[in-house]
There are 2 protein chains.
Amino acid sequence: MLTDAREIMQNQAATGSKARPSTKAHNASVDLIAVVVAMTEHGPSVLAVGAGDALPSGPFEHGHRSLQSGLRGWVEHQTGHQLGYIEQLYTFADRDRIGEEGQQRVISISYLALTRAEHSVGLRRRLWRSWYDFFPWEDHRTGVPTIISDVVEPRLLAWASEPGSESLRRERRQRASFAFGLDGSSWNEELALQRYELLYEAGLIEEATRGSERRAPPPPVPGAKMIADHRRILATAIARLRSKIKYRPVVFELMPPVFTLLQLQRTVEALSGRLVHKPNFRRLIEQQELVEETGETTADTVGRPAKLFRFRHAVLDERVAAGTK
Amino acid sequence: MLTDAREIMQNQAATGSKARPSTKAHNASVDLIAVVVAMTEHGPSVLAVGAGDALPSGPFEHGHRSLQSGLRGWVEHQTGHQLGYIEQLYTFADRDRIGEEGQQRVISISYLALTRAEHSVGLRRRLWRSWYDFFPWEDHRTGVPTIISDVVEPRLLAWASEPGSESLRRERRQRASFAFGLDGSSWNEELALQRYELLYEAGLIEEATRGSERRAPPPPVPGAKMIADHRRILATAIARLRSKIKYRPVVFELMPPVFTLLQLQRTVEALSGRLVHKPNFRRLIEQQELVEETGETTADTVGRPAKLFRFRHAVLDERVAAGTK
DNA sequence: TCCAATTATTCTCTAAGTGAGTATAATGTG
DNA sequence: CACATTATACTCACTTAGAGAATAATTGGA
């Protein structure tokens with residue numbers, strides 16, 4: 001069907017400067033990359049492979065019914081994890097990765113998947129790592145991390161003071177303040193990607209200085225590195241998830257079937273990287289009718305026993321907006 | 001760089017059932033598809049090619065610096081339009097479109113682009129069509145369109161009454177009510193994609209009954225058809241744009257450099273398909289400081305002259321959230 | 001047994017935001 | 001100069017969101 005459109009386009013393009021003489025199909029290899037998130041004892045964690053510095057990924061194959069099922073198959077077969085929720089993140093073409101034939105480019109399609117760590121089956125090699133290992137400046141649950149005032153802020157200010165036009169310097173200072181909540185700005189947890197990109201641009205991310213050996217790069221800001229652009233993809237996933245939990249009930253994909261409201265709150269806090277007001281959180285959850293009581297209570301720990309709840313799957317049909325803002 | 005990751009994955013996969021023996025690259029051809037939106041005299045319009053039933057699209061080429069610049073190049077050279085704002089929509093692999101060699105699949109990457117119709121240069125063949133030509137049920141500016149109560153609702157209810165389990169029928173009724181604001185539900189303009197998918201699933205969209213000639217399809221609901229899945233891509237774009245204008249100042253990409261507040265309001269209304277309260281709209285725009293006065297006023301029409309405004313481009317740096325909710 | 005510590009749960013208060021209506025101002029037209 | 005028309009300003013009720021205080025039900029030990 002689409003051939004019609006392409007022919008039309010090429011006929012039109014024939015009058016432009018980018019006209020292509022032939023109808024030869026243009027080839028690329030397609031990679032599927034997954035950011036698989038689960039809650040572990042170490043906090044919000046991501047499934048890593050290799051030396052713990054790579055996201056699961058694999059080529060899109062003919063046997064795959066669709067992109068999404070291809071990804072699902074890869075992750076399930078490799079790690080024994082059933083992915084509950086899958087969402088496409090972004091598609092990009094890496095300019096620097098030309099295949100040997102020169103006629104090949106790599107298209108990477110990245111996904112965010114949510115699961116539970118217990119869904120792990122078998123003993124295959126895998127690694128859950130807290131995403132704050134990769135982004136230590138993103139965890140504000142116990143206040144603004146010291147790394148920001150000790151390392152990030154001075155280095156960004158140094159970068160913003162490099163020789164150049166005054167307007168460039170002011171713009172850099174402004175972007176740094178905005179992204180990291182410096183000066184009067186407030187911290188916005190959804191800016192995870194912008195923060196990573198800013199540090200990358202400032203040369204403070206290890207991945208940014210790989211390959212180009214022109215001059216000695218400045219020592220990078222703390223945070224575990226990843227191969228290729230995987231850390232950027234992870235930052236994209238974090239930003240997307242932090243935004244999404246506010247208007248869609250996706251947190252429950254990370255929860256056990258039955259949980260207390262505090263456990264739910266802790267999960268939301270772990271994802272967003274900041275604490276929430278407990279009574280307000282409860283009010284929000286209950287007035288949205290996201291959960292229903294099981295009738296049971298916990299007895300395991302100290303303090304008053306908490307009621308147990310389960311997710312009301314019916315809300316998925318009932319409403320459009322429902323989340324944990 | 002990514003080769004590392006892929007090798008790791010394949011080593012792991014070797015223990016799974018989907019192990020692939022070779023490292024042979026998997027090929028696909030990549031199509032870029034653009035939904036180019038502008039305001040014309042006919043309302044919110046989309047750039048169509050061919051018989052007005054196809055979105056501009058073209059293959060991703062080696063000369064393209066990136067996917068986005070590839071798309072930009074295609075559209076600019078074909079239509080003379082400068083695309084201000086480009087945003088990736090979705091990437092999908094069409095199962096039914098296998099290339100002649102059998103070793104080929106088509107990956108389509110769709111984009112939403114915003115421009116102004118006046119940016120048109122030259123006389124190349126092109127066509128602006130109101131997007132309500134394709135989705136007549138989406139325009140609620142003059143009340144609920146009659147097509148909903150006259151055609152959509154009865155046909156959907158008939159579909160929801162087909163033989164099957166009672167739970168299936170109830171679920172269908174519920175989805176129809178939710179998507180189209182029937183019964184007690186209220187209309188939600190952001191559900192454009194869900195509505196199209198529901199009609200498609202119910203066999204009421206012409207594209208849904210193409211190819212399969214098993215039995216006589218029911219007559220489709222009014223609305224211009226498009227080739228392949230282009231109408232679905234357009235629905236995705238509409239939904240995305242209707243959502244986005246609420247929290248990001250993207251409307252201004254569609255506005256002339258200088259405009260009145262009423263013109264801005266009419267544009268927002270045209271996009272969202274519903275009327276807004278004029279005083280509240282003004283209050284919102286002004287308190288967000290999205291615009292600044294030029295000092296001039298209009299003199300062209302009847303009534304009190306309106307102040308002219310221009311977009312404050314500074315807001316793009318200042319804030320994260322800024323829109324026309 | 002009873003008090004302290006701990007966690008759960010409910011309420012209140014306030015500020016800010018949103019939806020809807022009303023009033024006033026400035027222009028052109030008959 | 002009344003009047004239609006569009007622009008602009010103001011008000012009010014209602015809902016939502018942030019923050020703190022108060023009360024309830026447990027466990028662990030003095």
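Since the structure is predicted, the reported quantities are computational estimates derived from the model, not experimental observations. Proteins get letters first, then strands, A, B, ... in listed order; numbering begins at 1 in each.
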- Taking only Lys NZ, Arg NE, NH1 and NH2, and the carboxylate oxygens of Asp or Glu, determine whether A:R175 and A:E197 approach each other closer than 4.0 Å. no
Give me, pair by pair, the N or O atoms of the protein and of nucleotides 1-7 of chain C that are less than 3.5 Å apart, along with how far apart they are.
{"unit_1": "C:dT7", "atom_1": "O2", "unit_2": "A:R304", "atom_2": "N", "d": "3.4"}

- Query: Mind checking what makes salt bridge (Lys or Arg N to Asp or Glu O under 4.0 Å) contact with A:R155, not counting sequence neighbours?
  - Reply: none
- Query: Which residues pass the ring pair (Phe, Tyr, Trp, His ring centres under 6.0 Å) test with A:F311, sequence neighbours left out?
  - Reply: A:F252, A:H313
- In residues 177-191 of chain A, what residues come within less than 4.0 Å of DNA chain D, judged by heavy atoms? none
Without placing hydrogens or testing angles, list every side-chain donor-acceptor pair under 3.5 Å for residues 133-144 of chain B, not counting sequence neighbours.
{"unit_1": "B:E138", "atom_1": "OE1", "unit_2": "B:R195", "atom_2": "NE", "d": "3.4"}
{"unit_1": "B:E138", "atom_1": "OE1", "unit_2": "B:R195", "atom_2": "NH2", "d": "2.9"}
{"unit_1": "B:E138", "atom_1": "OE1", "unit_2": "B:R242", "atom_2": "NH1", "d": "2.8"}
{"unit_1": "B:E138", "atom_1": "OE2", "unit_2": "B:R195", "atom_2": "NE", "d": "2.7"}
{"unit_1": "B:D139", "atom_1": "OD1", "unit_2": "B:R141", "atom_2": "N", "d": "3.1"}
{"unit_1": "B:D139", "atom_1": "OD1", "unit_2": "B:R141", "atom_2": "NE", "d": "3.0"}
{"unit_1": "B:D139", "atom_1": "OD2", "unit_2": "B:R141", "atom_2": "NH2", "d": "3.0"}
{"unit_1": "B:H140", "atom_1": "NE2", "unit_2": "B:W137", "atom_2": "O", "d": "3.1"}

- Of all pairs that satisfy side chain to side chain donor-acceptor pair (under 3.5 Å), the ones with a partner from residues 278-289 of chain A, not counting sequence neighbours: A:N280-A:R283
- Task: Under the side-chain contact (heavy atoms from CB on, under 4.5 Å) rule, collect the residues that match up with A:R172, sequence neighbours excluded.
- Result: A:W159, A:A160, A:E162, A:L168
- Can you sort out which residues in residues 280-298 of chain B have a heavy atom within less than 4.0 Å of DNA chain C? Ascending by number, please. B:N280, B:R283
- Mind checking side-chain hydrogen bond (donor to acceptor under 3.5 Å, both in side chains) for A:Q88 and listing every partner two or more places apart, or none if nothing turns up? A:Y111
- Note on the structure: From CG of B:L275 across to C1' of C:dA20 the rounded distance in Å is 14 Å
- Note on the structure: First and last nt of DNA chain D near chain A, cut-off under 4.0 Å to heavy atoms, 5' to 3', are D:dA17 to D:dT26
- Message: So, using side-chain contact (heavy atoms from CB on, under 4.5 Å) as the criterion, who are the partners of A:Y247 when residues are at least two apart?
- Response: A:S243, A:K244
- Query: salt bridge (Lys or Arg N to Asp or Glu O under 4.0 Å) with A:R248: which residues, sequence neighbours excluded?
  - Reply: none
